[in-house]
Every structure is written in structure tokens, then in C-alpha cells.
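Before any comments, here is the structure.
The analysis underlying the following values was restricted to heavy atoms, covering all of them including side chains, and did not include hydrogens, waters or symmetry mates.
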Number of protein chains: 2
Amino acid sequence: MSEKKLTLQLDFHSGLPIYTQIVNQVQSQLANGILKPGDQLPTVRALALELRVNFNTVARAYRILDEARIISTQQGRGTFITEIPPPEVSERLRQESLSALTQRFIGEAYRLGFSEREVSQMVRDSLKSWKEANVSEQD
Amino acid sequence: MSEKKLTLQLDFHSGLPIYTQIVNQVQSQLANGILKPGDQLPTVRALALELRVNFNTVARAYRILDEARIISTQQGRGTFITEIPPPEVSERLRQESLSALTQRFIGEAYRLGFSEREVSQMVRDSLKSWKEANVSEQD
DNA sequence: CCTATAATGTACTAATTGTATCATTGTATA
DNA sequence: TATACAATGATACAATTAGTACATTATAGG
């Protein structure tokens with residue numbers, strides 16, 4: 001199951017900020033396999049209640065972990081350990097997502113009655129004008 | 001047959017809202033010909049039951065698709081893939097709508113970090129495979 | 001026909017979640 | 001002491017999903 005209890009041990013006198021301790025312990029539990037990709041972490045409020053701290057402190061820890069791509073926090077949904085696809089899988093997903101996007105586009109264009117010629121011509125034109133409009137602000 | 005099973009794969013941890021995933025996958029299946037104009041989609045309640053989500057989440061996805069004129073939801077009747085409107089629109093409107101569609105597509109692709117090369121290559125491939133897959137059923 | 005009922009989508013609201021901003025507290029240091 | 005800054009807390013907000021009641025349509029029984 002992807003619902004975890006997430007037992008953390010805080011030391012309020014250690015000098016380490018609470019949020020740092022949360023960050024460290026989540027990282028170490030992930031390293032130890034106690035947490036796994038896809039696992040859902042407790043909500044900021046639930047964990048805060050359990051640890052007897054303000055939920056903003058937990059949110060801060062989660063934000064740091066999120067920025068480090070260790071977890072993925074989703075407003076209205078919850079917080080999850082990030083799936084870490086190996087690079088070759090990542091590239092495959094990349095291509096699949098572009099393929100899906102392209103097929104949706106082409107399918108919609110055909111559905112609206114446009115021909116292959118029209119579609120490919122419009123794509124060429126649009127790519128060209130996009131490039132011209134952005135030559136100066138390439139990153 | 002106009003009654004479809006509509007198999008969708010949701011990823012509850014992907015970061016994409018459920019309703020977005022439903023929207024994307026319906027569009028994708030339409031683009032791939034798995035869904036066709038006139039097909040009836042499952043009712044909001046039936047699909048919600050199958051996906052284990054609230055039926056309002058499905059209703060939200062259907063509403064978005066409806067606003068995009070991709071499906072037609074009819075209270076008391078059901079939900080259907082829209083029939084292709086005959087291109088009775090003027091040529092100018094036709095070109096404008098294709099241009100808008102194309103720019104949305106290209107903008108999204110760039111936003112996802114794909115290069116011009118990747119986009120144009122994928123468009124070529126997709127056009128080619130679509131043509132091959134549909135030579136026999138051209139209308 | 002007319003009416004009752006079931007099936008369907010709609011509208012509005014509530015609950016759950018994370019986010020943003022500012023206030024408070026504690027501590028180090030000039 | 002006074003000031004600056006980091007950590008934490010309080011409050012309001014936003015996004016997503018769920019709950020409830022209702023309107024519309026189709027259909028079966030009389």
C-alpha cells in the first residue's frame with residue numbers, strides 16, 4: 001500500500017531546526033528503503049499534528065524536499081515520493097509524451113477536416129515563425 | 001458500435017489532476033481512432049465507478065471536453081463524441097482555426113522542453129503512420 | 001395520452017489538501 | 001540593550017475532489 005505511517009523522531013533541543021530534521025529523516029528513510037517511490041506521505045496537517053508542530057513547519061520541509069525533486073507535493077491531492085525513472089526510461093517517457101501530444105494534435109486536425117498537406121504546411125510555418133519570434137530570447 | 005468501454009489508465013501520483021488525465025486520454029483515443037464521432041462515452045457515474053473517483057471529477061473532465069466541442073454532453077441523454085462539423089466555415093476561418101490549433105500544439109511541445117527538430121520529426125512520423133493506418137477507410 | 005420512475009448530466013456546496021504572506025519568538029551579535 | 005535574522009506560528013487563500021440536491025430526458029404502465 002502507498003499509505004505510510006512515517007514515524008519520525010524529533011529532537012526539539014538538538015539545535016537543528018524542525019524542518020531540517022524532517023527533511024533529513026525523510027531522505028534517510030528513502031535511502032534505507034523504508035520509503036519507496038510512489039509512497040504517499042502524511043498530509044502536512046496530519047504530520048504536524050502527530051509531531052506537535054505547526055503545519056507550516058511540515059510544509060516547509062515538504063517544500064524543500066519538493067524542490068530537491070525527492071517528493072512531489074500536489075495541492076488538493078497530497079504528497080508523494082517521486083518516482084525516479086532511470087534516464088533511458090525517462091527518455092522513452094519523453095518520446096511517448098511527445099508522441100501522444102502530436103497524435104492528439106493530428107487527430108484533432110484531421111477530425112476537423114484538414115488534409116495532411118495543410119497540417120504539415122501549417123506546422124512548418126508555425127515552427128518557422130516561432131523560431132523567428134524567439135531568436136533573441138533563447139536560453 | 002456506439003457504446004464504448006473506454007479503458008483509461010489513471011496515475012494518481014503523476015501530478016496531473018485526474019480530470020486532466022481523463023481529458024487527455026479521451027482526446028488521445030479520439031486522435032488514434034479508438035473513439036469515433038458519434039460514439040457514446042460512459043455516463044459520468046459509470047466511468048467514475050470504474051475509475052474509483054467521484055463522478056463530479058468525471059463530469060468536470062466531460063465539461064472541459066464539451067467546451068472544446070470534442071464531446072457533446074446532453075442532460076438526461078448521455079455523452080457523445082461530436083460529429084465532425086462539415087467544413088461549411090469559410091476558408092479564412094478554416095485556416096485560422098488550424099493555425100490556432102497548431103500554435104497550441106507547438107507551444108505545448110516547447111513548454112515541455114521539446115526541440116524544433118523533435119517536434120517536426122514527430123509530426124512527420126505521426127502523419128506518415130496515420131496515413132498508413134487509414135488508407136483503407138478514407139471517406 | 002398522461003403520469004410515474006429511472007437514468008442522466010448540472011449546480012452548488014463542503015471537505016481535504018497544499019500555498020502564500022505576515023506576525024511572533026528566540027537567539028546571536030554589535 | 002538594540003538590532004538583525006532565522007525558525008516557527010497564525011491566518012487567509014487556492015486547487016482538487018467529494019457530497020447532495022435538482023433539472024432534463026427517456027421510457028414503461030395505466
Side-chain angles (χ1 to χ4, degrees), chain A residues 2-6 8-26 35 38-82, chain B residues 2-6 8-26 35 38-82:
Chain A
S2 68
E3 189 67 48
K4 281 294 166 56
K5 181 59 170 38
L6 190 62
L8 300 184
Q9 295 299 326
L10 295 187
D11 181 350
F12 288 91
H13 306 124
S14 70
L16 276 180
I18 306 296
Y19 69 88
T20 303
Q21 295 183 47
I22 297 174
V23 168
N24 289 344
Q25 293 192 32
V26 167
L35 290 172
D39 280 351
Q40 178 164 16
L41 297 181
T43 69
V44 290
R45 284 171 175 82
L47 184 54
L49 189 66
E50 184 182 315
L51 300 178
R52 318 289 189 97
V53 300
N54 187 274
F55 75 84
N56 282 294
T57 301
V58 176
R60 181 168 180 179
Y62 279 10
R63 183 158 45 80
I64 291 171
L65 288 164
D66 187 271
E67 285 165 357
R69 307 297 177 91
I70 291 169
I71 64 177
S72 161
T73 62
Q74 301 161 36
Q75 187 167 347
R77 301 278 299 283
T79 300
F80 306 87
I81 302 288
T82 317
Chain B
S2 69
E3 188 68 44
K4 280 295 166 53
K5 182 58 169 37
L6 190 61
L8 301 184
Q9 294 298 326
L10 295 187
D11 181 349
F12 288 90
H13 306 143
S14 72
L16 283 179
I18 306 297
Y19 68 88
T20 303
Q21 294 184 47
I22 296 173
V23 167
N24 287 345
Q25 293 191 33
V26 168
L35 291 172
D39 279 352
Q40 178 165 16
L41 297 182
T43 68
V44 290
R45 284 171 175 81
L47 184 54
L49 190 65
E50 185 181 317
L51 299 178
R52 318 288 192 95
V53 300
N54 188 273
F55 74 84
N56 280 295
T57 301
V58 177
R60 181 169 181 178
Y62 279 11
R63 182 159 44 81
I64 291 171
L65 288 163
D66 187 271
E67 285 165 357
R69 307 298 179 90
I70 290 168
I71 64 177
S72 163
T73 61
Q74 300 161 35
Q75 187 166 343
R77 299 273 311 286
T79 300
F80 307 86
I81 303 287
T82 47

Taking A:I70's backbone N and O only, do any of them form a donor-acceptor pair with A:T82's side chain (distance below 3.5 Å, no angle check)? yes

Kindly say whether A:T73 contributes a backbone atom to a donor-acceptor pair with the side chain of A:R63 at under 3.5 angstrom? no

When you list every nucleotide of DNA chain D with an atom under 4.0 Å from a heavy atom of chain A, which one comes first 5' to 3', and which comes last? D:dA7 to D:dT17

Identify which one of A:L41, A:D39, A:L47, A:L65 satisfies the side chain to side chain contact (heavy atoms under 4.5 Å, CB included) criterion when paired with A:T79. A:L41

Which atom names give the shortest non-hydrogen contact between [X] and [Y], and what distance separates them?
X     : Y     : answer
B:Q9  : B:Q25 : O-NE2, 2.5 Å
B:Y62 : B:I71 : O-CD1, 3.3 Å
A:P42 : A:L6  : CD-CD2, 3.5 Å

B:E67, CD atom: more than 12 neighbouring heavy atoms under 6.0 Å: yes

Any chance you could list the contact pattern along nucleotides 8-20 of chain C? Use B for base contacts, S for sugar-phosphate-only contacts and - for none, protein heavy atoms under 4.0 Å, 5' to 3'. BBBBB----BBBB

